[in-house]
Structures are given as structure tokens and as C-alpha cells.
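These notes concern the structure reproduced below.
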Amino acid sequence: MDKTRLVSVDLGTSKVVSVFGVPDEGDIKVEGYSPKIPSEGIESGVIQNIEKIANSLYTAVNEAFKLKGDIPKKKTPLLVTISGNYVESETVRGFVPVKDPDGEIQENDRIRVIMTAMQRANTGEREIIYVHPNEYTVDDQKGIKEPVGMIGTKLEVESFLLKAKRNILNTLRKVVSKTNFGVENFIYSPIASSFAVLEEEEVNQGVILLDIGMGTIDTAIWNKGSLIYAGSFIGGGKYILNDLIRGLRISSKKARELLEIYGNISPELEDAGEVEVEGIGERPSKRIKISLISEIISARVEELFEKVKWHIERIIPLNKLAAGIVLVGGVSKLKGITRIAEEIFDAPCIIGKPKNFKGLSTDIISDPSYSAALGALRVGQVIRSEYLSDLYGIKRKNASGFFNLFKKIKNFIENF
Ligand SMILES: Nc1ncnc2c1ncn2[C@@H]1O[C@H](COP(=O)(O)OP(=O)(O)OP(=O)(O)O)[C@@H](O)[C@H]1O
Ligand SMILES: [Mg+2]
């Protein structure tokens with residue numbers, strides 16, 4: 001396995017993209033990326049056709065390598081970005097006594113306490129795919145982000161875990177094995193996108209990341225430096241497209257063109273004119289007012305945002321998240337979308353741009369559809385390089401992923 005190269009593949013409802021790069025002085029130097037390969041055989045994160053999605057995946061990874069005049073090796077480990085409402089989160093706590101006689105907290109104490117907390121997770125038919133230690137308590141001192149080196153007798157952690165349905169992950173593993181590549185880790189899309197575009201200050205002030213794709217709105221909420229929520233709501237471009245198809249009686253290809261080229265939900269659109277649209281099959285073409293297209297799109301976007309807002313308000317009051325909303329995903333390219341988001345959420349809203357990447361061409365920087373694939377490289381880097389690599393190192397002895405993590409954690413703790 002190439003230890004430094006990180007390769008990701010984002011399996012979206014509309015497209016599959018692959019990106020690869022290497023860590024470079026705290027940044028990631030992107031060496032290759034694929035164009036958007038039309039995605040077939042996956043719908044809102046759930047596999048519908050193994051062969052088709054395996055083909056899209058294989059093509060995307062090969063295309064990314066081709067850009068560098070390279071060919072991916074067999075068994076290339078992939079950071080596979082997933083989304084969908086089969087991923088659940090849970091906050092778990094655990095504590096351990098500090099081992100050092102002088103009470104100095106060591107790296108091993110941190111690993112033990114995270115593992116102890118993970119053991120308490122209620123997994124059932126789910127596998128843990130990600131663990132994010134949010135904060136530590138040393139004796140009575142709460143809210144510690146970096147406990148190693150501190151002095152105490154007891155170390156506690158509060159960790160945010162993500163768990164995905166095992167049978168869906170197994171199907172995804174099968175898809176990847178058909179391509180002869182391997183799974184390094186599954187990375188949940190809103191976490192990946194967060195790592196691609198969010199600033200540390202936003203994460204501290206409180207921010208909502210919304211990755212609005214074709215079939216899902218992947219959401220992550222960060223506050224005071226902690227990850228407090230990650231989930232996927234059904235929604236996205238598909239629903240806007242369906243409204244255009246039904247409302248204007250046009251083909252799905254034309255609907256996509258209207259959304260992506262003429263889609264504009266800015267208020268100054270009153271006299272924007274008309275667009276000629278050919279009829280379906282033999283039907284005559286017709287002229288459609290651009291303001292009508294805009295009305296249809298904005299009605300659905302408002303509805304989608306209202307739905308997301310309803311869910312978020314049950315997690316945390318929006319006014320506690322000072323940095324507001326950061327949008328990514330294909331639909332965030334819709335002109336005027338930030339204004340609607342600001343109105344509905346009553347919070348500032350911007351379009352996320354990738355941060356701390358080198359070697360990106362401007363078309364990728366300005367395309368928020370790539371944020372999940374890019375961010376997966378960062379998450380992969382964190383998992384490999386920080387103290388968490390010890391946790392995932394246990395996993396690596398097991399070539400097929402996170403399968404027996406719990407058994408291994410148990411052994412690790414018992415033998416410690
Ligand atoms: N310029 C644009 N304006 C508005 N919508 C756009 C634009 N470009 C792409 N879209 C829409 O974005 C959606 C695709 O976004 P994205 O590539 O993020 O989805 P995905 O990752 O494949 O899907 P998901 O994450 O939901 O599985 C499609 O519905 C597409 O019509
Ligand atoms: Mg997506």
C-alpha cells in the first residue's frame with residue numbers, strides 16, 4: 001500500500017468523482033481528479049445495482065489517475081464517501097484512571113478512554129465508521145480539547161460516533177471489491193465536506209454545513225469546536241427537477257438544463273424573458289417564462305430549507321450558531337440560493353470553498369460538487385496521522401475494514 005497517497009471516491013446519486021493527493025506541509029496537494037462520471041445504480045446513498053455503480057467507480061478512479069499519466073494499482077485503498085439516512089450518530093462517554101504514577105496523561109490514556117467510550121455504543125446491526133472525540137474532562141475540569149500532558153487521576157471523554165448499517169456497508173465493500181480496489185475507510189459525506197471547506201473559527205463559533213446534492217441534503221452541525229450532529233435528509237436537486245418536469249411538462253434532460261443553466265432565484269428576475277423548450281417526443285416546442293422557472297425552483301428550495309430548519313431547531317437553536325450556514329453540493333451552484341437560505345434560516349449564508357488544498361484548478365475550486373471527495377482526503381489524513389491512527393491501526397490488521405473493531409477493542413483494553 002502506498003502509505004502517503006490518499007485516494008477518495010464520492011458515490012453520489014448523480015455523479016461519481018475520484019480525487020487523489022498527498023499530504024504537503026499541513027495541506028493536501030491534489031495530484032489528480034476525475035471529471036464527473038454519471039452515477040448509475042445508487043440512489044440517496046443506497047445501492048440499487050452493484051455492477052453499474054462498480055463501473056462508475058472504476059471509471060472515476062481510473063480517470064483521476066489518467067490525469068497524472070498514471071494507472072491505479074490493484075488493491076488501491078479508497079476513502080469511500082457515503083451518504084444516506086442509514087447512517088446514525090450517537091454521543092458516548094467513557095472514563096479511565098490515568099496510568100502514570102505522577103498523573104501525567106499520556107497518548108495511551110487518550111486511546112484507552114476513546115475505546116472505552118466506543119465500547120458503550122449501541123451498535124446492533126450497525127458498524128462504527130467514525131469517531132470524533134469532542135471534549136475531555138480531567139478530574140473536575142471540563143471542556144478540554146487536548147488532554148495529553150495534563151495532570152489528573154481520571155480522564156473522561158465525550159465522543160461523537162457515526163454508525164452505518166452493516167448490510168449496506170457490506171454491499172459497498174462488494175462494489176469496491178468488484179473493481180479490484182480496496183476500502184480504506186468509509187467517510188460520511190457531511191464530515192468529509194466539513195473538512196474540505198470549514199474554517200476552524202466557523203467550527204468554534206457554530207456553523208451548519210449543508211451539502212445539497214441530487215438525492216440527499218447531508219448536514220453537519222459544529223459548535224464550540226465540537227461536532228454535535230451529522231445526518232442526511234432526503235431532498236435535493238431531484239425534487240426540484242421533478243417539479244420542473246411535472247409543472248412544465250418537459251423531459252428530465254431539459255429540466256436539468258433549465259435548473260443548471262437558467263436556474264436563478266434572485267429577486268431581480270421579473271423581466272428575464274422566455275426560453276424555448278422543445279416538447280417531449282413529437283409535441284411542439286413552447287416558450288416558457290424564466291420567471292416561472294424561477295418560481296417553481298424557489299418554491300421547492302424554500303420547502304427543502306424549511307424541512308431542514310425544522311430538524312435543526314430540534315437539535316440546537318439556530319441563533320447559537322454565529323457563523324450561520326455554509327452550502328456545498330451541486331445545488332449550491334443555483335444562483336440566488338444563499339439569499340433564500342438567509343431568509344429562511346435567518347442566519348448568514350455562504351458557499352463553501354475548499355481550504356488548504358494545493359494543486360486545485362479553478363474549475364474544481366469553484367465546483368462545490370467536489371467538496372465531499374476533497375474533504376475525504378483530509379479525513380483520511382487525520383485518521384492516518386493523528387493519535388486516532390492507533391485506533392484505526394487495529395482495524396488495519398483486519399484487511400476488510402471495521403468488521404471486528406469491537407472484538408479488537410475489547411482485546412486491546414483487556415490486554416492493556
Ligand atoms: N448550476 C447549477 N444550478 C443548480 N443546480 C445544479 C447546478 N449544477 C448541478 N446542479 C444540481 O446539483 C445536483 C447534483 O449535485 P451533487 O453533484 O452534489 O450530487 P450528488 O453528490 O451526486 O448527490 P447526493 O450527494 O445527493 O447523493 C443535481 O440535482 C444537479 O441538477
Ligand atoms: Mg453528494
Side-chain angles (χ1 to χ4, degrees), residues 8-19 33-48 52-53 56-57 60 80-87 168 172 186-194 196-197 209-220 230-245 250-266 290 293-294 296-298 300-301 304 308 326-338 340-341 351-352 354 363-364 366-376:
S8 73
V9 64
D10 176 24
L11 302 177
T13 309
S14 79
K15 53 92 184 63
V16 176
V17 288
S18 173
V19 180
Y33 52 84
S34 72
K36 289 179 207 161
I37 307 299
S39 164
E40 282 190 88
I42 188 164
E43 186 77 40
S44 300
V46 178
I47 305 286
Q48 316 279 344
K52 282 188 173 168
I53 192 70
S56 304
L57 189 155
V80 181
T81 304
I82 56 167
S83 68
N85 58 4
Y86 61 91
V87 180
I168 294 184
L172 283 161
F186 291 110
I187 318 264
Y188 192 35
S189 157
I191 307 296
S193 294
S194 295
V197 303
L209 175 118
L210 297 179
D211 182 336
I212 316 178
M214 175 87 161
T216 58
I217 302 182
D218 298 319
T219 307
S232 298
F233 307 115
I234 296 295
K238 193 170 75 179
Y239 297 83
I240 308 173
L241 294 171
N242 281 342
D243 288 350
L244 290 171
I245 294 167
I250 53 172
S251 67
S252 55
K253 184 168 163 269
K254 199 70 206 175
R256 208 159 167 160
E257 195 184 308
L258 291 188
L259 172 63
E260 296 176 14
I261 298 170
Y262 296 96
N264 188 338
I265 46 179
S266 308
I290 290 187
I293 300 169
S294 169
I296 296 174
I297 299 174
S298 41
R300 177 58 77 169
V301 169
L304 290 171
V308 172
V326 176
L327 297 180
V328 289
V331 176
S332 70
K333 284 185 274 186
L334 180 62
K335 290 173 206 79
I337 196 167
T338 50
I340 298 224
I351 308 293
D363 51 328
I364 299 287
S366 58
D367 191 344
S369 299
Y370 279 84
S371 60
L374 285 171

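Read the numbers this way: they start at 1 and go in the same order the structure lists the ligands and their atoms.
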Hits for side chain to side chain contact (heavy atoms under 4.5 Å, CB included) against Ser39, two or more places apart or cross-chain, chain-then-number order -> Val16, Ile42, Ile53
Applying side chain to side chain contact (heavy atoms under 4.5 Å, CB included) to Ile364 and not counting sequence neighbours gives Tyr33, Leu360, Ser361, Tyr370, Leu374
Quick one: table the atom pairs, ligand 1 N or O against protein N or O, below 3.5 Å, distance rounded to 0.1 Å.
{"residue": "ligand 1", "atom": "1 (N)", "partner": "Glu260", "partner atom": "O", "Å": "3.4"}
{"residue": "ligand 1", "atom": "12 (O)", "partner": "Val331", "partner atom": "N", "Å": "3.3"}
{"residue": "ligand 1", "atom": "15 (O)", "partner": "Gly330", "partner atom": "N", "Å": "3.2"}
{"residue": "ligand 1", "atom": "17 (O)", "partner": "Lys15", "partner atom": "NZ", "Å": "3.2"}
{"residue": "ligand 1", "atom": "18 (O)", "partner": "Gly330", "partner atom": "N", "Å": "2.8"}
{"residue": "ligand 1", "atom": "19 (O)", "partner": "Met214", "partner atom": "N", "Å": "3.2"}
{"residue": "ligand 1", "atom": "21 (O)", "partner": "Lys15", "partner atom": "NZ", "Å": "2.7"}
{"residue": "ligand 1", "atom": "22 (O)", "partner": "Thr13", "partner atom": "N", "Å": "3.2"}
{"residue": "ligand 1", "atom": "22 (O)", "partner": "Ser14", "partner atom": "N", "Å": "2.8"}
{"residue": "ligand 1", "atom": "22 (O)", "partner": "Ser14", "partner atom": "OG", "Å": "2.9"}
{"residue": "ligand 1", "atom": "22 (O)", "partner": "Lys15", "partner atom": "N", "Å": "3.2"}
{"residue": "ligand 1", "atom": "23 (O)", "partner": "Thr13", "partner atom": "N", "Å": "3.2"}
{"residue": "ligand 1", "atom": "23 (O)", "partner": "Met214", "partner atom": "N", "Å": "3.0"}
{"residue": "ligand 1", "atom": "26 (O)", "partner": "Met214", "partner atom": "N", "Å": "3.0"}
{"residue": "ligand 1", "atom": "26 (O)", "partner": "Gly215", "partner atom": "N", "Å": "2.8"}
{"residue": "ligand 1", "atom": "26 (O)", "partner": "Thr216", "partner atom": "N", "Å": "2.9"}
{"residue": "ligand 1", "atom": "26 (O)", "partner": "Thr216", "partner atom": "OG1", "Å": "3.3"}
{"residue": "ligand 1", "atom": "27 (O)", "partner": "Thr13", "partner atom": "N", "Å": "2.7"}
{"residue": "ligand 1", "atom": "27 (O)", "partner": "Thr13", "partner atom": "OG1", "Å": "2.6"}
{"residue": "ligand 1", "atom": "31 (O)", "partner": "Glu260", "partner atom": "OE2", "Å": "2.6"}

When rounded to the nearest 0.5 Å, the distance separating CD of Glu43 from CD1 of Ile234 is 8.5 Å
Q. Please walk me through it: do Ser232 and Asn85 pass side chain to side chain donor-acceptor pair (under 3.5 Å)?
A. CA-CA 5 Å; Ser232 298; Asn85 58 4; over 6 Å; no
Sequence neighbours excluded, the answer for ring pair (Phe, Tyr, Trp, His ring centres under 6.0 Å) partners of Phe233 is His311
Donor-acceptor under 3.5 Å (Ser294 side chain, Ile290 main chain)
no
